[in-house]
Colleague: 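Got a structure here, written out as structure tokens. Questions coming.
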Amino acid sequence: GKRFIVRPGEPPEHAVVVPYRDLLGTPVVDARIGSRTAACIFDTGAQYGYILSESLAAGAQADGAIEDFNPVIGPIRSAAWRMPVEMGGIRFDERFGLLDGLSAGLLGATGVEAIIGCSWLPGRKVWFMPRRSRIAFA
């Protein structure tokens with residue numbers, strides 16, 4: 001419904017709870033992308049996912065090209081791949097582009113290997129629990 005609702009409350013018992021580490025206020029989760037586990041920024045503002053190394057896309061289905069814009073780094077143009085993602089038992093497909101250059105170098109220095117966007121969130125509820133370093137999905 002293109003709504004974002006903030007309110008207190010605990011996630012239901014059936015929710016999937018995923019631990020994360022904080023990187024300057026941004027959650028970093030472990031997710032399986034294709035056949036590898038990677039440290040991923042969970043970016044609810046990103047319409048696409050991004051990988052920092054093309055090796056993560058080895059064997060993945062090519063999916064055209066991505067033309068995107070980030071207000072900090074500017075235009076992003078990249079080949080694209082469609083890859084399965086599994087995070088804490090939740091499975092979805094994400095369209096990934098390749099992030100390179102200085103931005104990729106800076107993120108890579110923190111241990112981040114990918115960015116997961118928000119394309120898979122419609123129809124789901126999300127609980128952000130920063131005091132517990134957890135995110136829940138239902």
Side-chain angles (χ1 to χ4, degrees):
K2 298 185 181 187
R3 298 183 312 160
F4 182 81
I5 301 169
V6 178
R7 64 177 163 231
E10 291 294 316
E13 286 189 30
H14 70 274
V16 174
V17 179
V18 177
Y20 74 87
R21 70 176 170 92
D22 184 273
L23 177 64
L24 302 172
T26 304
V28 177
V29 298
D30 287 332
R32 189 161 192 80
I33 299 174
S35 62
R36 281 192 37 210
T37 299
C40 305
I41 287 179
F42 176 47
D43 184 351
T44 58
Q47 63 180 326
Y48 305 111
Y50 288 94
I51 53 177
L52 276 57
S53 169
E54 203 167 337
S55 67
L56 268 174
Q61 174 186 351
D63 192 18
I66 285 178
E67 290 201 25
D68 198 5
F69 182 83
N70 179 284
V72 175
I73 63 176
I76 302 170
R77 290 179 185 85
S78 164
W81 300 270
R82 176 112 3 226
M83 293 186 275
V85 176
E86 189 272 324
M87 182 174 58
I90 297 173
R91 291 180 175 85
F92 55 93
D93 283 342
E94 177 76 289
R95 189 170 188 229
F96 286 92
L98 178 65
L99 188 65
D100 57 9
L102 181 60
S103 298
L106 292 172
L107 285 176
T110 68
V112 169
E113 300 171 82
I115 297 170
I116 295 175
C118 65
S119 65
W120 59 282
L121 288 178
R124 297 184 192 267
K125 292 184 179 179
V126 180
W127 288 261
F128 181 58
M129 301 174 285
R131 289 188 184 144
R132 298 183 220 164
S133 297
R134 303 278 188 265
I135 304 171
F137 303 95

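Bear in mind the structure is a predicted one, so any value in this text is a computation, not a measurement.
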Colleague: Rounded to the nearest 0.5 Å, what separation is found between the CG atom of Leu56 and the CE atom of Met83?
Modeller: 6.5 Å

Colleague: Of the non-hydrogen atoms in Glu113 and Thr37, which two are nearest, and what is the gap between them?
Modeller: OE2-O, 4.1 Å

Colleague: Minimum heavy-atom separation for Ala39 to Gly111, with atom names?
Modeller: CB-O, 3.4 Å

Colleague: Whether Glu10 and Arg132 form a salt bridge (side-chain N of Lys/Arg under 4.0 Å from carboxylate O of Asp/Glu) is what I want to check.
Modeller: yes

Colleague: Return the set of residues passing side chain to side chain contact (heavy atoms under 4.5 Å, CB included) with Glu86 (not counting sequence neighbours), or none when no residue passes.
Modeller: Arg32, Arg91

Colleague: Measuring from atom CE of Met87 to atom CD1 of Ile135, what distance do you get when rounded to the nearest 0.5 angstrom?
Modeller: 7.0 Å

Colleague: Check the orientation of Phe128 and Tyr20. Use parallel for under 30°, tilted for 30 to 60°, and perpendicular for over 60°.
Modeller: parallel

Colleague: Could you tell me which non-hydrogen atom of Gly45 sits nearest to which non-hydrogen atom of Asp43, and how far apart they are?
Modeller: N-OD1, 2.9 Å

Colleague: With sequence neighbours excluded, what pairs up with Pro122 under the side chain to side chain contact (heavy atoms under 4.5 Å, CB included) test?
Modeller: none

Colleague: For the residue pair Ala60 and Arg82, what are the closest heavy atoms and their distance?
Modeller: CB-O, 4.2 Å

Colleague: Which pair of heavy atoms, one from Gly88 and one from Val18, lies closest together, and at what distance?
Modeller: CA-CG2, 4.2 Å

Colleague: List the atom of Arg95, the atom of Gly64, and the distance in Å for their closest heavy-atom pair.
Modeller: NH2-C, 4.2 Å

Colleague: Do the ring planes of Phe137 and Trp120 sit parallel (below 30°), tilted (30 to 60°) or perpendicular (above 60°)?
Modeller: tilted

Colleague: Is Val28 isolated, or which residues cluster with it under the ILVMFWY side-chain rule of less than 4.5 Å, directly or via members?
Modeller: Leu23, Ile41, Tyr48, Tyr50, Leu52, Ile66, Val72, Ile73, Ile76, Leu99, Leu107, Val112, Ile115

